[in-house]
Q: 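My structure is below; once you've seen it, I'll send some questions.
Quick note: residue numbers are just sequence positions, from 1. The structure presented is a predicted model; accordingly, all values stated were derived computationally and were not measured.
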Amino acid sequence: MIRIESPNNICRYSLALELIRKISITEFLEIGIGNGVFLEKIARRGYQGMGIDISEQAIANASLRLKKYSNVKIEKTSFLNLTCQFDLVIMMQVLEHIQNDTETILRIK
């Protein structure tokens, strides 16, 4: 089966990667990795970081997709359980699934 990215995702990912390229980051966190497509794009560029999700299926899919990248760790957890600090936090299509988004953003900060 051939999978083709939607025009929305192509634009979203291209813009995000362009913005990331312009800043200096040591380590990133992606919250809500879904199928791991964006996580793979950022891993392919050599960035060091972590992708998390609360879905077993998302973790399984992303782990398969990223098995050759040692620069990215994938974990089934909530960001609420993390004590690490990151230079960059990425959330794509996640906030609309969170009831209290303002509180969530403040906790991430």
Side-chain angles (χ1 to χ4, degrees):
M1 173 192 267
I2 297 174
R3 289 188 167 256
I4 299 172
E5 283 189 58
S6 73
N8 284 344
N9 283 346
I10 291 170
C11 292
R12 180 181 299 117
Y13 298 157
S14 294
L15 176 61
L17 290 168
E18 181 64 23
L19 291 171
I20 291 167
R21 188 182 67 74
K22 292 179 179 185
I23 61 175
S24 175
I25 64 169
T26 304
E27 196 163 8
F28 73 89
L29 170 67
E30 183 180 6
I31 299 172
I33 58 175
N35 59 12
V37 171
F38 186 73
L39 192 58
E40 181 183 23
K41 289 179 184 301
I42 196 168
R44 189 180 311 138
R45 284 159 177 80
Y47 291 101
Q48 186 79 26
M50 174 183 232
I52 63 172
D53 207 299
I54 58 172
S55 162
E56 292 278 351
Q57 188 63 51
I59 295 300
N61 291 341
S63 294
L64 275 174
R65 180 181 293 276
L66 284 113
K67 62 184 170 190
K68 68 179 181 178
Y69 297 99
S70 60
N71 54 320
V72 175
K73 180 181 174 185
I74 298 171
E75 194 172 303
K76 181 185 180 293
T77 190
S78 165
F79 76 92
L80 297 171
N81 298 329
L82 297 177
T83 57
C84 323
Q85 290 190 345
F86 300 90
D87 302 308
L88 174 68
V89 177
I90 303 160
M91 293 179 13
M92 293 196 181
Q93 297 181 297
V94 172
L95 279 179
E96 65 267 25
H97 301 286
I98 298 173
Q99 190 168 13
N100 190 339
D101 51 2
T102 302
E103 181 182 317
T104 299
I105 290 172
L106 290 173
R107 288 190 78 167
I108 290 170
K109 180 180 178 249

Q: Any side-chain heavy-atom pair from Leu82 and Met50 closer than 4.5 angstrom?
A: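 Side-chain contact under 4.5 Å: yes.
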Q: Quick one: which residue pairs count as a ring-ring contact (aromatic ring centres under 6.0 Å, His included) with a foot in residues 33-63, not counting sequence neighbours?
A: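 Every ring-ring contact (aromatic ring centres under 6.0 Å, His included) pair that includes a residue of residues 33-63, provided the two are not neighbours, is Tyr13-Phe38.
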Q: Determine whether Leu15 and Ile42 fall in the same hydrophobic cluster, where Ile, Leu, Val, Met, Phe, Trp and Tyr are linked whenever their side-chain heavy atoms lie under 4.5 Å apart.
A: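 No; tracing contacts between hydrophobic side chains, which count when under 4.5 Å, never links both residues.
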Q: Between Tyr69 and Leu39, is any pair of side-chain heavy atoms under 4.5 Å apart?
A: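 They are not in side-chain contact.
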Q: For residues 99-109, which residue pairs qualify under salt bridge (Lys or Arg N to Asp or Glu O under 4.0 Å), counting only residues two or more places apart or in two chains?
A: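 For residues 99-109: none.
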Q: Kindly write out the residues that satisfy side chain to side chain contact (heavy atoms under 4.5 Å, CB included) with Thr102, not counting sequence neighbours, or none if the list is empty.
A: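 Thr102 satisfies side chain to side chain contact (heavy atoms under 4.5 Å, CB included) with Asn100, Leu106 only.
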Q: Should we say atom CD of Glu18 is surrounded by more than 12 heavy atoms from elsewhere, each under 6.0 Å from it?
A: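 Atom CD in Glu18 is packed in, count exceeds 12.
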Q: Measure across Val72 and Ala43 and return the closest heavy-atom pair with its distance rounded to 0.1 Å.
A: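 Scanning both residues completely, I find the closest heavy atoms to be CG2-CB, 3.4 Å.
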Q: Is Met91 reachable from Ile59 through a run of hydrophobic residues whose side-chain heavy atoms are each under 4.5 Å from the next?
A: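 They do not share one cluster, since no chain of ILVMFWY contacts under 4.5 Å joins Ile59 to Met91.
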Q: State yes or no: do Phe28 and Leu19 share one hydrophobic cluster built from I, L, V, M, F, W and Y residues joined by side-chain heavy-atom distances below 4.5 Å, directly or via other members?
A: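 Different hydrophobic clusters.
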Q: For the atom pair OG (Ser63) and NZ (Lys76), what is the distance rounded to the nearest 0.5 Å?
A: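 Here the interatomic distance stands at 12.0 Å.
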Q: Less than 4.5 Å apart, any side-chain heavy atom of Asn61 and any of Ile33?
A: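 In short, these two side chains do not touch, never coming nearer than 4.5 Å.
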Q: Does Leu88 belong to the same Ile/Leu/Val/Met/Phe/Trp/Tyr cluster as Ile31, with side-chain heavy atoms less than 4.5 Å apart forming each link?
A: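 No, Leu88 does not connect to Ile31 through the hydrophobic network.
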Q: Please examine the side chains of Ile52 and Asn81, heavy atoms only from C-beta on, and report whether any two atoms are closer than 4.5 Å.
A: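 With C-beta onward as the side chain, the pair stays apart.
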Q: About how many Å separate CG of Leu17 and NZ of Lys41, when rounded to the nearest 0.5 Å?
A: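 It comes to 7.5 Å.
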Q: Show the nearest heavy-atom pair for residues Met92 and Ala16, with the distance to one decimal.
A: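 Minimum heavy-atom separation between Met92 and Ala16: CE-CB, 3.3 Å.
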Q: Taking NZ in Lys73 as the centre, count heavy atoms belonging to other residues, nucleotides or ligands within less than 6.0 Å. Is the count above 12?
A: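 Atom NZ in Lys73 is not packed in, count stays at 12 or less.
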Q: Answer yes if Ile105 and Leu29 sit in the same cluster of Ile, Leu, Val, Met, Phe, Trp and Tyr residues linked by side chain heavy atoms under 4.5 Å apart, and no otherwise.
A: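 Hydrophobic grouping puts Ile105 with Leu29.
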Q: Walk me through it: do Ile90 and Ile20 pass the test side-chain contact (heavy atoms from CB on, under 4.5 Å)?
A: CA-CA 10 Å; Ile90 303 160; Ile20 291 167; 4.0 Å; yes
Q: What are the two closest non-hydrogen atoms of Ala62 and Gly34, and how far apart are they?
A: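 That closest heavy-atom pairing would be CB-O, 4.4 Å.
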Q: Atom CD1 in Ile74, atom CZ in Arg65: separation rounded to 0.5 Å?
A: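 The CZ atom of Arg65 is 10.0 Å from CD1 of Ile74, to the nearest 0.5 Å.
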